[in-house]
Amino acid sequence: MGNSNLQGFTPTISESLPGPEWLNEIRNDAYTQLNEVEAPDTEEEVWRYSRVNELNLSELTPKSERPENLASIPLDRFSSPSAIIVLQDGWITNITIGEEAEEAGITICPVGDLEDGAKYFGAALEKPVDIFGYLNRAFGPEPLIVVVPKGTVLENPIVIVSLTDTHEAVFPRIMVHCEENSEAKVVEIQTSSNIEAVISPVLEVKVGQAARYSHCVVQNLGAQTWQFSHQAVDAGQDSTAEFFVAGLGGEYARTRTDCRLTGRGAFSRINAAYFGEDDQTMDFRTFQDHVSSDTTSDLLFKGALSDSSRSIYSGLTKIRPDASRTRANQTNRNIKLDPEAWAESIPNLEIENNDVVCSHASTVSPVDENELFYLESRGVPTPVAERLILEGFFDEIVSSFPINEVSELLTEAIIGKLDRRTLNQEEGSE
Amino acid sequence: MTNSSLVIENLHVSVSGKEILKGVNMEIRPGEVHVVMGPNGSGKSTLSYALMGHPEYKVTDGQVTLDGQDLLSLPSWQRAQNGLFLCLQHPIEVPGVTLESVLTEAARAAGKETDTIRKQMIEEAETIGFEEKFLERPLNVDLSGGEKKRNETLQLGVLGARYAVLDEIDSGLDVDALAAVSQRIQDFTQEQNLGVLAITHFSRLLEVLEPDHIHILNDGSIQMTGGPELVERLEEEGYQGLLDN
């Protein structure tokens with residue numbers, strides 16, 4: 001089947017987007033391929049339990065023009081970022097490169113500015129994984145490229161703010177290349193106005209030999225926003241690739257992460273904390289693909305669900321035939337705070353090599369009765385005890401974030417959600 | 001204050017639908033040390049959990065008052081705020097939660113000063129021989145059995161309860177820890193008039209902690225009560241011999 005419901009996504013719009021000839025060709029190819037891409041369906045395992053069937057693509061058009069009214073973004077939290085980039089509605093509206101990044105020779109620009117920019121598309125994962133990935137290629141107005149040159153170590157984080165303030169469909173794209181033996185940290189803050197918005201961001205990261213890369217996503221979207229996010233990473237020989245996700249906002253927020261350990265001895269970590277409230281849906285899909293030997297992956301996702309919020313964690317750790325001496329761990333823990341809250345947890349292993357150490361674990365449960373009793377038996381009121389336990393539950397993730405400012409952001413967001421919960425409980429008991 | 005005591009009357013408790021306590025009676029006055037001994041499965045731990053209100057332990061009959069106030073209608077945290085302390089046989093590990101935050105929140109709920117909590121913790125830790133570095137650990141996480149019991153005793157000191165239920169505080173303790181913990185509790189009874197209900201298997205706790213009354217709990221009820229001399233008889237005759245005579 002084709003995608004006849006994409007009438008708002010016309011070739012004219014795709015062709016009108018800025019960039020050199022090679023970029024238009026990439027867009028054009030993706031547009032052509034759209035006709036062959038199956039529409040997502042909850043019958044498929046990767047979309048099971050998702051809300052994609054509720055999305056009506058035929059009502060959408062892509063954001064085709066550079067936004068005129070630039071939103072102001074407070075960034076004073078980060079004391080000395082090595083660079084700040086702002087994407088609004090998928091367009092690059094600001095790039096500020098600090099002294100450290102300047103001296104290190106970092107490239108940060110619209111990928112269309114580079115003659116050889118085409119090579120960065122699909123560098124981490126050859127093809128888009130779904131219709132949103134193809135739409136992103138065809139309608140991404142200004143993909144951003146960050147290249148950290150060989151041997152460069154950036155002390156301070158690169159801060160990217162991706163803000164959405166439009167009803168039109170938005171396609172931000174960030175591509176990062178951490179070259180051989182370099183080191184960098186990126187913070188990506190995703191926000192949106194309190195309007196109905198649909199965002200399909202793509203992040204592609206290639207981590208070169210012996211490079212060390214950390215990427216922190218703070219997803220703090222508005223309450224009416226739908227997001228279909230795809231992160232793809234390719235970890236080279238002896239490299240370290242770490243991903244941290246704080247899932248806080250959105251009405252329906254999906255993050256799919258494909259992490260390929262292609263180089264021998266590569267290490268990846270994916271940690272996420274998510275906290276659903278009201279009728280939010282948090283949807284996480286992870287694929288850890290051990291291609292080479294002596295690779296290690298570690299995954300820890302922890303979530304709390306209150307009110308009638310929902311979460312889905314579905315993860316696959318795949319060990320290829322050549323991936324001897326792989327170590328892989330996959331853990332998902334959920335705390336269900338209210339009877340109407342719902343969490344689905346599906347960790348999977350697919351092992352095609354005998355010489356591996358793999359584990360997976362998942363839990364969905366209320367706040368532990370014995371922990372609660374213990375704190376109460378010290379004289380701590382029940383709601384306060386529950387808060388302490390939840391803060392403690394998330395502490396393992398919060399303290400794993402490699403950037404203090406991001407840990408603070410996450411802590412504040414968790415406290416904000418707990419405050420709202422306490423307030424609701426007090427109102428409910430009156 | 002009138003009726004100054006912890007009074008347990010005809011207490012019946014069921015766990016998972018099975019009656020474990022079948023009418024327990026006891027009165028503990030401030031400064032008194034009551035010791036409950038009994039064979040395995042006699043209901044000792046049930047008594048302690050029921051007094052503090054663990055949700056799995058259902059009181060089906062009887063009443064408990066603390067200084068004249070009904071205890072059983074209160075949630076656990078208010079029982080604690082009213083002056084009851086439970087020292088658990090197996091203190092629960094709570095990942096990510098610090099001792100200081102728990103004691104601070106308990107003090108806050110009581111309307112007490114919270115600024116001095118840290119200082120009190122350090123003082124109590126020193127008295128009880130609890131290494132100060134352990135204060136930074138998440139609650140009970142990676143502590144040995146002995147350290148956990150020192151930690152419980154430290155909390156008792158900071159919270160300043162009027163009645164303490166000690167559920168096998170002597171289990172899993174080395175000699176030094178046992179001496180420190182039992183001495184501290186003995187001090188509380190004398191200096192702060194703490195009333196103690198100590199549940200134990202062993203007489204060695206009583207080498208320092210001086211009991212006023214010994215109760216033998218068997219098959220869900222107190223079947224014998226006496227003075228400290230009961231301990232010696234128990235050592236010689238065993239529970240069966242003691243209860244048969």
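Basis for what follows: all heavy atoms, side chains included, without hydrogens, waters or symmetry-related copies. Because the structure is a prediction, the values reported are computed rather than measured. Sequence lines set the chain letters: A, B, ... in the order given, protein chains first and strands last, and positions in each chain run from 1.
- Interface remark: B:Leu156 contributes no atoms to any contact with chain A (heavy atom separation under 4.5 Å).
- The shortest heavy-atom contact between B:Val97 and A:Leu388 is CG2-O, 3.1 Å.
- For CZ of B:Arg137, the number of neighbouring non-hydrogen atoms (other residues, nucleotides, ligands) closer than 6.0 Å is greater than 12.
- Looking at A:Phe373, only its side chain comes within 4.5 Å of chain B, counting heavy atoms on both sides.
- A donor-acceptor contact shorter than 3.5 Å links the side chain of B:Gln81 to the backbone of A:Gly379.
- Looking at B:Gln78, there are no atoms closer than 4.5 Å to chain A (heavy atoms on both sides), in backbone or side chain.
- For the set B:Ser76, B:Ser101, B:Gly53, B:Ala107, the count of heavy-atom pairs under 4.5 angstrom toward chain A peaks at B:Ser76.
- Across A:Thr382, A:Leu372, A:Asp368, the residue that shares the most heavy-atom pairs under 4.5 angstrom with chain B is A:Thr382.
- Contact check for B:Trp77 versus A:Arg378: no side-chain heavy atoms found under the 4.5 Å cut-off.
- Environment of CD in A:Glu155: sparse, with no more than 12 heavy atoms of neighbouring residues, nucleotides or ligands closer than 6.0 Å.
- The minimum heavy-atom distance between B:Ala80 and A:Ser377, with the atom names listed, is CB-O, 3.5 Å.
- Using a 4.5 Å cut-off on side-chain heavy atoms (C-beta onward), A:Glu371 and B:Pro95 make contact.
- Within 6.0 Å of CD on B:Gln63 lie more than 12 heavy atoms contributed by other residues, nucleotides or ligands.
- Counting heavy-atom pairs under 4.5 Å between each of A:Pro381, A:Ser399, A:Gly392, A:Ala385 and chain B puts A:Pro381 at the top.
- Residues B:His54 and A:Glu369 have side chains in contact (heavy-atom distance under 4.5 Å, counting atoms from C-beta outward).
- Only the side chain of A:Val384 comes within less than 4.5 Å of a heavy atom of chain B; its backbone N, CA, C and O stay farther away.
- The side-chain heavy atoms of A:Tyr374 and B:Asn140, taken from C-beta on, include a pair separated by under 4.5 Å.
- Shown here is B:Gln192, whose CD atom has more than 12 heavy atoms of other residues, nucleotides or ligands within 6.0 Å.
- For B:Leu159, the part lying under 4.5 angstrom from a heavy atom of chain A is the side chain only.
- Side-chain contact between B:Ile92 and A:Leu375 is absent, with no heavy atoms from C-beta onward closer than 4.5 Å.
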